[in-house]
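Start at 1 and go down the list; that is how both ligands and their atoms are numbered. For the numbers below, each heavy atom of this structure counts, side chains included, while hydrogens, waters and symmetry mates do not.
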Amino acid sequence: MERVVSGIRPTGKLHIGNYFGAVANFLKMQYEYDCFFFIADIHSLTTHPTPADLHQNVKHVLAEYIAAGLDIDKCTLFVQSDVPEISELYTYMNMNAYLGELERSASFKEKIRMNPDNVNAGLLTYPVLMAVDILVHRAHKVPVGKDQEQHIEMTRQFGNRFNRLYNVDFFPEPQAFSYSNALVKVPGLTGSGKMSKSGGEADAIFLSDDESINTKKIMRAKTDEGPKTQNQKKPTEVQNLFDLMQLVCKPDVIDTFNSDYNACAIRYGDLKKQLAYDMEIFLKPIRERFIDTLKNENLLANAAKIGAEKARASASRTLKEVREIIGIRKFY
Ligand code: TYM
């Protein structure tokens, strides 16, 4: 069976960009592939969270994964730092990752632009660690949003380079995956681009937030003064709201608002109310399960323990072969 790997950094609450870009695919893939889904806690250390925040955030994402519908009997759900083989393979793979290619990565450039005072080595080699997450399970498919595409390309590069260097056919070439036609990019509410945690509180709709908070954010989302001529192109911030509707509203509802827009009869207040209403229908069951799951310490501990065991079994098989391939062989 083909193997699948994907992860999310625990930097706070999951937003609907994480859900529709990644988790929605996980939910279906867990029944069709051999899946490894994880919480990328080592990755999140690049931004120096406090120990208490880090632990709390990992727990939060674990509960959100389960609340969204990940079934620990169907997939392997684990915490990255529970698998020391990942750190070992990261050390080996770093020897064949070059400064030039790491500096050219779009996400590295973006991160040093945003945080010029924290350009650490972990940030530079972030794509190596991400590649290792995927290669350590010798995965074929990686369900991610559009923003991760370049990292998957780099993963192929590192895996192929290893195969070439040691003249083996060891790592498969992983492909970014989505059940939709293209990789997903969920827009934020502030009109500035993709929904993201770093875009500020107002930009993102979080899975676990109350209805009142989400509704308020949607009602305050940026729009323009309304169309002036029939069938005119929508400005980005308005198109963003229509894109968000695509995620949770019924097609005939979207058609009606589209027709109103094209006839210059749209009322953005009504559109936002509809979006907030349908968003709540979608989010309510996830939030309710999340609240219960977060309280259930036994369930979370058990899930993490079972996941760690399954992920380590897979990763240690890979590491055993990697050590042999690169010549790290025991004398005893
Ligand atoms: P992260 O934690 O930023 O995001 C987790 C997942 O959510 C997707 N995503 C989005 N999709 C669509 N629209 C958006 N606005 C949006 N925002 C986030 C991301 O594409 C991602 O799939 N480097 C990764 C985590 C990671 C990983 C891996 C992923 C570490 N190792 C191995 C896959 C395989 C990251 O920072 O994602």
Side-chain angles (χ1 to χ4, degrees), residues 3-27 29 35-47 49 57-58 60-61 64-65 68 70 76 78-81 83 86-87 89-90 93 105-108 110-111 114 122-123 125-156 158-159 174-180 182-200 203-207 240 243-244 246-247 311 315:
R3 277 183 297 276
V4 171
V5 167
S6 196
I8 297 184
R9 276 172 305 138
T11 50
K13 306 170 278 189
L14 295 194
H15 54 66
I16 60 163
N18 301 133
Y19 185 91
F20 289 101
V23 179
N25 289 300
F26 302 178
L27 297 180
M29 289 182 109
C35 292
F36 295 84
F37 299 127
F38 68 98
I39 300 163
D41 58 343
I42 304 178
H43 277 278
S44 69
L45 292 173
T46 56
T47 54
N57 289 344
V58 171
H60 207 277
V61 178
E64 285 177 311
Y65 268 150
L70 285 191
T76 299
F78 67 101
V79 182
Q80 185 183 33
S81 60
V83 182
I86 292 174
S87 299
L89 187 57
Y90 175 50
M93 295 304 272
S105 138
S107 68
F108 179 67
E110 169 71 6
K111 286 190 176 135
M114 303 277 284
L123 214 51
T125 58
Y126 184 106
V128 184
L129 182 56
M130 175 153 166
V132 165
D133 293 327
I134 297 165
L135 298 173
V136 84
H137 300 296
R138 299 169 76 186
H140 307 90
K141 288 189 162 56
V142 190
V144 281
K146 178 90 183 134
D147 59 309
Q148 296 298 316
E149 203 169 24
Q150 192 186 31
H151 284 149
I152 312 300
E153 173 64 37
M154 293 177 83
T155 302
R156 284 194 288 276
F158 296 137
Q175 304 294 333
F177 179 87
S178 169
Y179 281 104
S180 55
L183 297 183
V184 172
K185 178 184 162 186
V186 175
L189 291 170
T190 54
S192 56
K194 70 157 186 160
M195 182 174 287
S196 77
K197 294 161 216 173
S198 51
D203 194 50
I205 298 171
F206 295 100
L207 296 186
N240 286 352
D243 288 352
L244 290 171
Q246 290 288 347
L247 304 172

Starting from atom 12 (C) of ligand 1, what is the nearest protein heavy atom, named by residue and atom, and what distance separates them? Val184 O, 3.2 Å
Heavy-atom neighbours of Lys185 NZ exceed 12 at 6.0 Å: no
Among protein heavy atoms, which sits nearest to atom 10 (C) of ligand 1, and what does the distance come to when rounded to 0.1 Å? Gly17 O, 3.3 Å
If you measure every N/O of Ile8 against every N/O of ligand 1, is any gap under 3.5 Å? no
Specify the closest pair of heavy atoms between Leu14 and Asn18, including all atoms of both residues, with the distance to one decimal. CA-OD1, 3.5 Å
Would a 4.5 Å heavy-atom cut-off, applied to side chains only, mark Ile16 and Leu207 as touching? yes
Ring centroids only, cut at 6.0 angstrom: are His151 and Tyr126 within range, meaning strictly under it? yes
Angle between ring planes, Phe26 versus Tyr65, binned at 30° and 60°: parallel, tilted or perpendicular? tilted
Among Val186, Asp147, Leu129, Ile134, closest by any non-hydrogen atom to atom 19 (C) of ligand 1: Asp147
Residue pair Lys146 / Glu149, side-chain heavy-atom distance below 4.5 Å: yes
Proximity flag Ser196 to ligand 1, non-hydrogen atoms under 4.0 Å: no
Return the option from Val132, Val142, Thr155, Val136 holding the heavy atom at the smallest distance from atom 34 (C) of ligand 1. Val142
Please list the nearest protein heavy atom to atom 4 (O) of ligand 1 with its residue and the distance rounded to 0.1 Å. Asn18 ND2, 3.4 Å
Atom indices of ligand 1 within 4.0 angstrom of Tyr126 heavy atoms, with elements: 23 (N), 24 (C), 35 (C), 36 (O)
Within-cut-off N or O pair, Asp133 and ligand 1, under 3.5 Å: yes
Can you figure out which of Lys185, Lys146, Gln148 has its heavy atom closest to atom 37 (O) of ligand 1? Gln148
With heavy-atom distances below 4.5 Å as the criterion, would you say the side chains of Ile86 and Leu129 are in contact? yes
What residue and heavy atom of the protein are closest to atom 26 (C) of ligand 1, and at what distance? Gly7 O, 3.7 Å
Heavy-atom closest pair, residues Ala315 and Val83: CB-CG1, 3.7 Å
What one should report as the nearest heavy-atom pair of Thr125 and Tyr90 is OG1-OH, 2.6 Å
Measure from atom 1 (P) of ligand 1 to every heavy atom in His43, Arg9, Lys194, Gln80 and give the option owning the shortest one. Arg9
Below 3.5 Å, N or O to N or O, backbone or side chain included: is there any such pair between Gly145 and ligand 1? yes
Option whose closest heavy atom lies nearest to atom 28 (C) of ligand 1, chosen from Phe38, Tyr19, Phe37: Phe38
